[in-house]
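The block underneath contains the structure these notes are about, expressed in structure tokens.
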Amino acid sequence: MAAGEKIKAKIKKNLPVRGPQAPTIKELMQWYCLNTNTHGCRRIVVSRGRLRRLLWILFTLTAVALIFWQCALLISSFYTVSVSIKVHFQKLDFPAVTICNINPYRYSAVRDLLADLEKETRGTLKTLYGFSENTSRKRREAESWSSAREGAGSKFLNLIPLLAFGKGETSKARDFRTGRKRKVSGRIIHKASDVMHVHESKEVVGFQLCSNDTSSCAVYTFSSGVNAIREWYKLHYMNIMAQVSPEKKINMSYSAEELLVTCFFDGESCDARNFTRFHHPMYGNCYTFNNGQNETILSTSMGGSEYGLQVILYINEEEYNPFLVSSTGAKVIVHRQDEYPFIEDVGTEIETAMATSIGMHLTESFKLSEPYSKCTEDWSDVLITNIYNATYSLQICLHSCFQAKMVEKCGCAQFSQPLPRGANYCNYQQHPNWMYCYYELHQDFVREELGCQTLCKEACSFKEWTLTTSLAQWPSEVSEKWLLSVLTWDQGQIKKKLNKTDLAKLLIFYKDLNQRSIVESPANSIEMLLSNIGGQLGLWMSCSVVCVIEIVEVFLVDSLSIVARHQWRKAKEWWARRQAPPWPEAPPSPQGRDNLGLDIDDDLPTFTSALCLPPAPAAQVPGTPPPRYNTLRLERDFPSQLADTEVPAES
């Protein structure tokens with residue numbers, strides 16, 4: 001190797017260490033900025049002037065902040081959905097249709113059970129409003145007031161006192177049973193709308209419910225005496241009917257042959273055999289058309305009222321309970337075959353002497369489950385026991401939760417069919433506290449304090465029928481005479497001439513055979529996310545995935561390595577000082593023959609020291625030798641005087 005090349009190699013070898021093995025983080029950052037492909041970092045180092053360097057630092061930091069912000073938005077919006085709506089034209093399955101008479105039981109069948117309750121109710125109406133019922137109707141003429149049990153007293157008013165509060169009074173109220181004012185303790189809950197108030201009444205009517213030991217009481221007041229008396233009557237009615245056996249209640253309600261006068265579906269006749277009975281605790285016997293028995297589901301071939309379900313219902317207003325229901329007609333609900341019909345929540349009322357036409361549009365929805373939305377496919381991730389023999393729905397979950405809470409806190413269930421396992425219907429004889437407990441739970445449920453709304457989720461897939469209702473007078477005046485005569489003759493079991501107020505006509509049909517499907521799908525994927533992040537890196541920093549890996553290596557791996565080496569060096573020095581003797585020996589003094597100016601430092605060579613090349617091997621380092629004092633002893637080393645050095649004697 002030539003002498004010049006050796007010098008260059010020596011200089012390169014002794015230069016300060018650069019790159020990933022730089023001794024300090026500052027030198028590492030300088031090396032990265034000069035060698036990276038991200039333009040902003042390079043301009044920070046090579047720019048001249050402080051202003052330019054400051055501007056490039058600001059631009060680079062802004063670009064980095066924008067990258068982090070955009071990437072955070074991309075990641076946070078990853079679990080979003082896109083909704084697609086598809087419309088299909090095809091032959092549609094007809095839904096299940098459940099029909100109930102608003103009046104649950106024939107009045108003639110339950111009159112004896114409710115005689116005492118109705119006697120106190122009429123007495124309360126007379127005391128409060130001075131009202132005396134006119135018994136001009138045939139049913140009332142047949143009813144003898146003297147048949148009511150004598151000496152029964154006011155047991156229902158004793159059980160749940162009816163109270164009348166004067167305007168502005170909260171601590172005192174007039175007791176309906178005694179007619180005197182009494183002190184009222186406990187909370188007062190006004191059961192009125194928070195949105196609409198018609199007027200301020202002079203007197204507010206309510207009733208008081210207490211626990212078993214009467215330590216906790218609550219007074220429920222109503223803005224109308226009608227609502228208060230109906231609610232008071234309803235509580236006692238449920239308590240009485242809970243003690244009646246299920247078989248007897250079925251016999252006291254309406255049969256399918258009695259409720260259904262005529263039936264027509266998709267151009268063909270049908271009858272009571274096409275309906276399935278189930279008993280509802282509040283509506284008595286209800287009947288479901290096309291409930292999917294034997295896995296057979298009817299379908300309709302065309303849209304329009306002529307190809308749907310047409311029935312004429314016998315309402316029989318004469319058998320209505322005057323204090324339990326205040327309207328006449330029936331309730332209908334459209335639902336899936338495997339879905340429980342909550343007729344009390346979403347049922348549509350049908351008027352008498354009217355033809356009610358209900359046009360349907362089918363919409364089927366499919367939602368994505370976790371992590372896209374909080375819905376469930378089944379009961380697997382819901383901590384509520386399903387007490388209904390039906391597929392999952394939000395209503396079923398909420399009702400099951402409420403009944404479970406009621407069984408837990410009150411010891412019984414109400415408004416439930418079927419009952420939770422091991423539970424009975426609430427009645428005052430077996431569960432004296434159930435009325436107070438039920439109202440307290442209902443208040444907590446409305447205020448969402450029971451936790452049912454938190455535990456229950458929406459179903460991920462469901463069918464929904466959008467209903468459009470229209471009414472028409474039926475039968476018309478010109479056809480009323482002959483139509484009612486024919487229907488009376490058809491119903492041979494009815495021993496009276498039908499009246500149009502006893503009948504209601506119902507038509508349920510598809511308006512068209514268009515099925516709308518709403519389908520959710522993921523709006524993003526891993527590939528799209530990576531592509532979007534790469535686009536943001538290229539837009540703001542002219543960076544790629546390899547640059548990201550480089551940044552991770554330099555700012556994490558190499559920086560941590562430098563810090564670790566520095567800490568390790570400090571630890572070694574500390575350990576060496578700890579292991580050294582307490583009084584170290586003094587370093588030896590330099591020899592006289594040593595040249596201190598040529599002492600070579602043990603530190604790493606710098607660019608300047610690398611230019612001080614070492615001397616040739618044969619050359620000797622000049623020095624100043626110490627004096628040799630023994631050469632002064634001439635008599636010992638030179639015993640005889642040389643002739644040319646002799647000094648002549650003085651004369």
Side-chain angles (χ1 to χ4, degrees), residues 18-22 24-47 52-88 364-378 380-382 457-462 516-565:
R18 299 287 184 181
Q21 286 76 35
T24 63
I25 294 181
K26 180 180 179 180
E27 294 182 2
L28 177 65
M29 294 298 106
Q30 290 178 349
W31 172 85
Y32 168 76
C33 292
L34 289 173
N35 293 275
T36 184
N37 291 327
T38 55
H39 304 306
C41 297
R42 189 182 189 89
R43 298 298 299 176
I44 293 174
V45 178
V46 301
S47 294
R52 285 191 178 184
R53 188 170 297 176
L54 182 62
L55 289 176
W56 276 109
I57 291 175
L58 181 62
F59 293 155
T60 304
L61 293 179
T62 303
V64 172
L66 289 173
I67 288 176
F68 277 105
W69 175 52
Q70 293 292 329
C71 292
L73 291 179
L74 291 173
I75 295 174
S76 62
S77 62
F78 179 77
Y79 292 112
T80 56
V81 298
S82 62
V83 180
S84 60
I85 300 177
K86 302 178 182 179
V87 179
H88 308 278
E364 195 168 10
S365 301
F366 300 93
K367 300 180 66 176
L368 294 176
S369 58
E370 295 284 353
Y372 294 94
S373 64
K374 295 182 179 180
C375 68
T376 180
E377 297 287 349
D378 48 29
S380 58
D381 54 346
V382 179
K457 304 177 181 180
E458 291 185 358
C460 291
S461 60
F462 55 90
R516 186 174 62 172
S517 299
I518 302 177
V519 182
E520 289 185 352
S521 59
N524 300 299
S525 63
I526 297 296
E527 295 81 4
M528 293 178 61
L529 178 64
L530 294 177
S531 177
N532 292 333
I533 292 177
Q536 295 298 325
L537 292 174
L539 174 65
W540 298 108
M541 290 286 290
S542 183
C543 187
S544 64
V545 176
V546 177
C547 293
V548 174
I549 298 175
E550 184 182 81
I551 292 172
V552 172
E553 179 189 13
V554 171
F555 285 85
L556 291 181
V557 179
D558 295 338
S559 298
L560 292 177
S561 176
I562 291 174
V563 174
R565 288 201 305 266

Glu364, CD: over 12 other non-hydrogen atoms inside 6.0 angstrom: yes
Would you say Lys457 and Asp381 make side-chain contact, with heavy atoms under 4.5 Å? yes
What one should report as the nearest heavy-atom pair of Ser82 and Pro522 is OG-O, 4.2 Å
Ser47 to Arg53 - nearest heavy-atom pair and separation: O-NH2, 3.1 Å
Could you measure the distance from the CG atom of Leu530 to the CG atom of Asn524? Nearest 0.5 Å is fine. 11.5 Å
Could you go step by step and tell me if Thr60 and Met541 meet the side-chain contact (heavy atoms from CB on, under 4.5 Å) rule? CA-CA 8 Å; Thr60 304; Met541 290 286 290; 4.2 Å; yes
Nearest non-hydrogen partners of Cys460 and Glu377, listed with the distance: CB-OE2, 3.5 Å
Please round to the nearest 0.5 Å and tell me the distance separating atom OG of Ser521 and atom CG of Leu368. 7.0 Å
Nearest 0.5 angstrom please: Leu556 CG to Ser561 OG, how far? 12.0 Å
Which pairs, with at least one residue in residues 527-538 and sequence neighbours excluded, count as a side chain to side chain donor-acceptor pair (under 3.5 Å)? Ser525-Glu527, Gln536-Trp540
Distance (rounded to the nearest 0.5 Å) between Ile57 CD1 and Cys41 SG: 10.5 Å
Where do Leu73 and Ser77 come nearest, in terms of heavy atoms and distance? O-OG, 2.7 Å
As an exercise, state the distance from CD of Glu458 to OG of Ser373, rounded to the nearest 0.5 Å. 8.0 Å
Backbone N or O of Val554 within a donor-acceptor pair of the Ser559 side chain at under 3.5 Å? yes
Can you give me the closest heavy-atom contact between Leu529 and Phe78, atom names plus distance? CD2-CD1, 4.0 Å
Hits for disulfide bond (SG atoms under 2.5 Å apart) against Cys547, two or more places apart or cross-chain, chain-then-number order -> none
Check: Ser369 side chain, Thr376 main-chain N or O, donor-acceptor pair, under 3.5 Å: no
What distance separates Tyr372 OH from Lys367 NZ, expressed to the nearest 0.5 Å? 14.5 Å
